[in-house]
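Have a look at the structure below, then the notes.
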Number of protein chains: 2
Amino acid sequence: MQWQLRGDRPIYQQLVEILTEQIVSGQLAAGDKVPAVRELAAQAGVNPNTMQRALADMEREGLMYTNRTSGRYVTEDKEMIQKIREQIASDRIAEFLAGMSQLGFSEQEVYSLLEKRQGEGNKNGTEK
Amino acid sequence: MQWQLRGDRPIYQQLVEILTEQIVSGQLAAGDKVPAVRELAAQAGVNPNTMQRALADMEREGLMYTNRTSGRYVTEDKEMIQKIREQIASDRIAEFLAGMSQLGFSEQEVYSLLEKRQGEGNKNGTEK
DNA sequence: ATGATTGTATTATTATCATAGTACAATAAA
DNA sequence: TTTATTGTACTATGATAATAATACAATCAT
């Protein structure tokens, strides 16, 4: 798993984001056992308390549940997972377009810029 | 000016972002006088120290300069402004596509979702 | 010259975040 | 039964962010 954390936002929030992406993209499938808190914390290179906070947040959302001492599992509600995936995508699209609009790009210009990328295969430091 | 601040990121960073957008979009034009620190802080509803920090950051970037006691002004280097605008746009596009990819959307799917929006005119809470 | 406005600096206080270290309860495994 | 693993709770510490409250220096307008 890739734990690429940045310093410009609370770490526990980024952990929630990364784990959620893992779930909605199926890399952590419905019903899967989630590694132990200490294990995940070690992988991510963060304090167990920080990871615990992230996991607790995700349980509150319903994306995970705990079987006391047997461990923590991804929810089996595939429909919920799908809905969350679409909600996040929708939010990101809206946020992206709003942000580009703030920069003074019309929708047409945004689409043009995206088309340019299509064929060109990944420039501008996406994979830096 | 719209000062829509969120609690999930340092305020001074958001101030830099908003002011930068104002400049690169031309709403604050090259050479324009920038309102006084205390004035801007009042408008944004933040502490003058916080606004001062944001403005100092922008001067370090070269987007503004100060004429001691006469006030603060937007840089007159239009080329720099343009470059920054394109850099930000490029970064956001890359970040957006990378994020959608993490959610399990192929580039084709992303373009399809965007096309859907074209015509439909703004759904999904963009304007909450 | 005077007063107001400007940017800037300083100190203090509070809240949040992240970490370290420790501890405990429940239960699966031996 | 014993041991190890699990989630969870708790206290403490340091760093950063944001605020409040002043204060000072430069200069523009009067």
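So you know, we letter chains A, B, ... as the sequences are listed, proteins then strands, and number each from 1. Just so you know, these numbers use all the heavy atoms, side chains as well, and skip hydrogens, waters and symmetry mates.
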A:I11 CD1 to D:dA17 P, straight-line distance once rounded to whole Å: 13 Å

In B/S/- notation, 5' to 3', how is nucleotides 21-30 of chain D contacted by protein heavy atoms closer than 4.0 Å? B-B-BBS---

How far does CG of A:L97 sit from CD of A:Q102, to the nearest 0.5 angstrom? 12.5 Å

Keeping to residues at least two apart or across chains, list the side chain to side chain donor-acceptor pair (under 3.5 Å) pairs with something in residues 26-38 of chain A. A:S25-A:Q27

State, without any angle test, whether B:E76 and B:Y65 hold a side-chain donor-acceptor pair at a distance under 3.5 Å. yes

Write down the atom of B:G104, the atom of A:R85, and the distance for their closest heavy-atom approach. O-NH2, 3.1 Å

With respect to A:T20, which candidate in A:V16, A:I18, A:I23 satisfies the side chain to side chain contact (heavy atoms under 4.5 Å, CB included) definition? A:V16

Would you please say whether a donor-acceptor pair under 3.5 Å links the side chains of B:E17 and B:Q13? no

Could you give the CZ-to-C1' distance, from A:R9 to D:dA17, as a whole number of Å? 17 Å

Expected list for residues 52-59 of chain A near DNA chain C, using heavy atoms below 4.0 Å, is A:R53

Within the structure provided, determine whether B:L19 and B:W3 are in side-chain contact (heavy-atom separation under 4.5 Å). yes

Within the pair B:Y12 and D:dA18, is there a side-chain N or O less than 4.0 Å away from OP1 or OP2? no

End-to-end bend of the helix from C:dA1-D:dT30 to C:dA30-D:dT1 (five-pair axes, 10° rounding)? 10°

Check whether any side-chain nitrogen or oxygen of B:T50 sits under 4.0 Å from OP1 or OP2 of D:dA17, and answer yes or no. no

With a 4.0 Å cut-off on heavy atoms, is B:T66 in touch with a base, just the backbone sugar-phosphate, or nothing at all? sugar-phosphate

Got a sec, which residues hit side chain to side chain contact (heavy atoms under 4.5 Å, CB included) with A:Q14, two or more places apart in sequence or on another chain? A:L5, A:R6, A:R9

Is the NZ or CZ atom of B:R92 both under 6.0 Å from the centre of the six-membered ring of A:F105 and within 45° of that ring's axis? no

First contact, last contact: which nucleotides of DNA chain C are these for chain B, 5' to 3', heavy-atom distance under 4.0 Å? C:dT6 to C:dT10

Looking at A:R72, I'd like to know whether one of its side-chain N or O atoms comes within less than 4.0 Å of OP1 or OP2 on D:dT8. yes

